[in-house]
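Take a look at the structure below.
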Amino acid sequence: MDTSLKDYVDQAQRVVVFTGAGISTESGIPDFRSPGGLWTQNKPIYFQDFMASETMRIEAWQRKFNMDDAFTNATPNTGHMAIARLVQNGKVTSVITQNIDNLHQDSGIPEDKVIELHGNTTYAKCLNCGTRHELPFIRTAFEETGKPPPCTACGGILKTATISFGQSMPEEEMIRAEAATLACDLFIAIGSSLVVYPAAGFPIIAKQNGARLVILNREETELDEIADLVLNTEAGPTLSSLLPHN
Ligand code: NAD
């Protein structure tokens, strides 16, 4: 099964894996754009609106806590584990992810090999002083007062450590992602509709730089026409087929 993907991986020296929400649906976390996905239930809250309005901040935290069971109970699936094996054996140099669920780290990939373009929703940060805050503290205060608490260090606004629409991309992660992309000879995009920029620019950069591009996604994507190989299959079983026991 999928011998051509296996051939591509076998022939490559430095593989970059790029993931989107689709890698985590098999862990029980809905994606954005599949039918019934989060996008159809709630339009995203833009960063400017979050900053401008306490009502929007309350709405954002309420949504976060409503979703939290899916995130906190989720564990890495066979797709995450297959990628972790490919990192472990040195084939995959970096995992660039749009995901905010921490499941690549939970699968055993070292922190320095995971590049989070859109941050992480498993903790919060003060937007003023950058102090990290854990979610149970915020949830308890929210449930008591109906509002998110201020930062205990400086009184600033707390937000999950994610990058919202309208918020600047994280500079260091963007630099690391570009360097990894330019250094790879195979770029595999997995479980992403490839419509969110600048993240979706990385497969294009890889291809323009001479790397082979594989897109593994249940549905068609915007970038299928520039890919060397497109697989419209499920991420977990397809990635598992790359491992030696198959
Ligand atoms: P998306 O929802 O736009 O696209 C996901 C794609 O994955 C879809 O095209 C879908 O067909 C495909 N897919 C779903 N399950 C699959 C499976 N098992 N195997 C193969 N393909 C599968 O997601 P995106 O491109 O990552 O963009 C959405 C944004 O929302 C990102 O910025 C991401 O950070 C955020 N988000 C993250 C999570 C998470 O952290 N798990 C969940 C939802 C949204």
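We count ligands from 1, going down the list as the structure has it; atoms in each ligand are counted the same way.
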Please tabulate, for the side chains in residues 21-29, all donor-acceptor contacts under 3.5 angstrom to protein atoms that are two or more places apart in sequence or on a different chain.
unit_1 : atom_1 : unit_2 : atom_2 : d
Ser24  : OG     : His80  : NE2    : 3.3
Ser24  : OG     : Asp101 : OD2    : 2.6
Thr25  : OG1    : Gly22  : O      : 3.2
Glu26  : OE1    : Gly236 : N      : 3.3
Glu26  : OE2    : Ala235 : N      : 3.4
Glu26  : OE2    : Gly236 : N      : 3.1
Ser27  : OG     : Thr75  : O      : 2.7
Ser27  : OG     : Asn77  : N      : 3.4
Ser27  : OG     : Asn77  : ND2    : 3.0

field: Distance, nearest 0.5 Å, that separates CZ of Phe137 from OG1 of Thr152
entry: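 It comes to 5.0 Å.
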- prompt: Do any nitrogen or oxygen atoms of Ala235 lie less than 3.5 angstrom from nitrogen or oxygen atoms of ligand 1?
  reply: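 N/O-N/O distance below 3.5 Å exists for this pair.
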field: Ala21 N/O under 3.5 Å from ligand 1 N/O
entry: yes
query: Salt bridge or not for Lys91 and Asp10, using N-O below 4.0 Å?
result: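 Salt bridge flag = no for Asp10 with Lys91.
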task: Begin with the C-alpha distance, continue with both residues' side-chain angles, and end with the deciding distance and a verdict on side chain to side chain contact (heavy atoms under 4.5 Å, CB included) for Leu239 and Thr78.
output: CA-CA 8 Å; Leu239 293 168; Thr78 52; over 6 Å; no
Would you indicate which of [options] comes nearest to [atom] when only heavy atoms are counted?
atom	options	answer
atom 5 (C) of ligand 1	Ala199, Pro44, Ala189, Gly191	Gly191
atom 34 (O) of ligand 1	Met67, Glu116, Gln98	Gln98
atom 21 (N) of ligand 1	Glu222, Arg218, Glu219	Arg218

Ignoring hydrogens and geometry, is there a side-chain-to-backbone donor-acceptor pair from [X] to [Y] under 3.5 Å?
X	Y	answer
Arg176	Asp112	yes
Asp228	Arg212	no
Ser94	Ile96	no

Is ligand 1 under 4.0 Å from a heavy atom in the side chain of [X], in the backbone, in both, or in neither?
X	result
Glu234	both
Pro30	backbone
Ser193	both
His118	side chain
Ile23	neither
Asn99	both
Ile100	both

- prompt: Is there any side-chain hydrogen bond (donor to acceptor under 3.5 Å, both in side chains) pair reaching into residues 192-202, and which pairs are they, with sequence neighbours excluded?
  reply: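 Qualifying pairs, neighbours excluded: Gln98-Ser192.
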Going by the order shown, which atoms of ligand 1 are within less than 4.0 Å of some heavy atom of [X]?
X	answer
Thr233	19 (N), 20 (C)
Ser24	41 (N)
Asp101	39 (C), 40 (O), 41 (N)
Ile29	41 (N)
Glu26	17 (C), 18 (N), 19 (N)
Thr25	14 (C), 15 (N), 16 (C), 17 (C), 18 (N)
Gly20	26 (O)

- prompt: So which heavy atom on Lys207 is nearest to which on Ile226, and how close?
  reply: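 Smallest interatomic distance, heavy atoms only, reads CE-O, 3.3 Å.
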- prompt: Under the ring pair (Phe, Tyr, Trp, His ring centres under 6.0 Å) criterion, do Phe202 and Phe187 qualify, and how do the steps go?
  reply: CA-CA 9 Å; Phe202 288 108; Phe187 190 102; 7.5 Å; no
query: Mind checking whether Leu103 has a heavy atom under 4.0 Å from ligand 1?
result: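 No heavy atom of Leu103 comes that close to ligand 1.
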message: Whether Lys64 engages the ring of Phe71 as a cation-pi pair (distance to the six-membered ring centre under 6.0 angstrom, angle to the ring normal within 45°) should be assessed.
response: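 Pair Lys64/Phe71 counts as cation-pi.
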query: Would Ile115 and Val95 satisfy side chain to side chain contact (heavy atoms under 4.5 Å, CB included), going step by step from the backbone distance to the final call?
result: CA-CA 6 Å; Ile115 303 170; Val95 177; over 6 Å; no
